[in-house]
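Below is one structure, written out as structure tokens, with a few remarks after it.
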Amino acid sequence: MEDPSGMNRRKFMELGIYTISGTMVAVSSVALGRFAVGPSFDKKRSKWIEVGPVNNPVGGGSFEGVVLEYEIKEGWSNNRTRTLVYIKRTQGDEVVAISAGCTHLGCIVSWDEQQKMFKCPCHEGRFDADGKVISGPPPAALKRHPAKVVDGKILVRTETEAYVG
Amino acid sequence: MIRLNALKRIYAWVDERVELHDYVKKEILDKPVPKGLNLSFCFGGITFFLFLMLAATGYFMTIYYVPHPGQAYGAVNYITHEVTMGRIVRGVHFWSANLMMVTIFLHMIRVFIYGAYKKPRELNWITGVVLLLLVLAFGFTGHFLPWDQKAYWATRVGTSMMATVPVVGKYALMIVRGGEDIGALTLVRFYSLHVIFLPTITICLLIGHFFMIRKQGVSPQL
């Protein structure tokens, strides 16, 4: 009865049961694991939002506050969001869009046309026309939204990025 | 190879303290199948297997489901159509639940035909009947959770039957619905029953059910 390899009917059955049940557990674990991860690693989606026609003359120093209003889809939930952005047309089709959220604690900054600076009402944060910190507690420059002019209309992207330059 | 040895040593270390290896081998893995059994004796085991599938898929679906009237339908829709593997996970839950009703009755018919409910196994029959009622409760509460038209109206009709019970019916109905009408309170209630209360009770009864069959053995042939 004894096979030289030590295999017998009982051991074969045992191995078979372990293989079948092990495969079942492995396959369900992979499926359920992927299900649990779900959309965790999905890229955050952003979109271009039209903020109206270009009003400011080229090189005009004034910033204009516009509200980006859009829906954020989070899984099954859609939330309406509003963000204040200051835009200025610099030259030709170039547009600067600076986020109004102070980098210190998130208060809304306002543009002071006389002093040419952004002022935060909460803790005296001051930023220049590029969004760089002049004085006060803010740890970083105001963030920027990518912006462009297409067919005479200004488009602003919902995502922000750190100001470099 | 070294890693395998490390695993074996950890296993041996644990088993030296809990001493389960020999018991599991003798009582479960190497336990001889009683004489005179046939395939119809598998239905109970299949039902339990389906229970495990329902538990596994159910646990994971709670990651996405929300028991809120404004969001439940969207959440179930999201599970089914947008989450990777969602259709399979929910599908397995759905089909296991449906098949369970079939296997549970086949199991019951087998026990009835073999007279396995007779002394000394009456208590196991009684736990089995309670388990059947629990499975029906699982089905009733689970059917409501997708919060679609079918769920809403089936539960409206299903619960309203309670009101026909003399004297206490009206009050029982209001307790089950959490008020006069079906709504947000009903949904959370049913969710809580479906994922917390019913599973806990079911697991306790299953332990008793399995313990008794080991203790008393399978009923002999006709």
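The analysis underlying the following values was restricted to heavy atoms, covering all of them including side chains, and did not include hydrogens, waters or symmetry mates. Numbered from 1 within each chain, the chains take letters A, B, ... in sequence-line order.
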**Message:** I'd like to check the side-chain contact (heavy atoms from CB on, under 4.5 Å) partners of Asp42(A); sequence neighbours left out, ordered by chain and number.
**Reply:** Pro39(A)
Other residues, nucleotides and ligands only: do more than 12 of their heavy atoms fall within 6.0 Å of [atom1] on [X]?
| X | atom1 | value |
| --- | --- | --- |
| Phe105(B) | CZ | no |
| Asn78(A) | CG | yes |
| Leu133(B) | CG | yes |

Shortest non-hydrogen contact from [X] toward [Y]:
| X | Y | answer |
| --- | --- | --- |
| Thr103(A) | Ala141(A) | CG2-O, 3.1 Å |
| Phe51(B) | Ile203(B) | CZ-CG1, 4.0 Å |
| Ser21(A) | Ile17(A) | OG-O, 2.6 Å |
| Thr158(A) | His145(A) | O-CE1, 3.3 Å |

Considering heavy atoms only, which positions within [range] lie below 4.5 Å of chain A?
| range | value |
| --- | --- |
| residues 178-202 of chain B | none |
| residues 145-157 of chain B | none |
| residues 60-93 of chain B | Phe60(B), Met61(B), Ile63(B), Tyr64(B), Val66(B), Gln71(B), Gly74(B), Ala75(B), Tyr78(B), Ile79(B), Glu82(B), Val83(B), Thr84(B), Met85(B), Gly86(B), Val89(B) |

**Item:** Cation-aromatic face contact Arg9(B)/Trp13(B), 6.0 Å, 45 degrees
**Value:** no
Between [Y] and [X], do the side chains contain a donor N or O and an acceptor N or O under 3.5 Å apart?
| X | Y | answer |
| --- | --- | --- |
| Thr81(A) | Asn79(A) | no |
| Trp48(A) | Glu50(A) | no |
| Thr159(B) | Arg177(B) | yes |

**Item:** Region of Met13(A) in contact with chain B, defined by heavy-atom distances below 4.5 Å
**Value:** neither
**Asked** Is the SG of Cys120(A) found under 2.5 Å away from the SG of Cys107(A)?
**Response** no
**Request:** If the plane angle is over 60° it's perpendicular, under 30° parallel, otherwise tilted; pick one for Phe63(A) and Trp111(A).
**Result:** perpendicular
**Fill in**
Residue from Ser28(A), Ala31(A), Gly75(A), Gly38(A) scoring the most non-hydrogen pairs under 4.5 Å with chain B is Gly75(A)
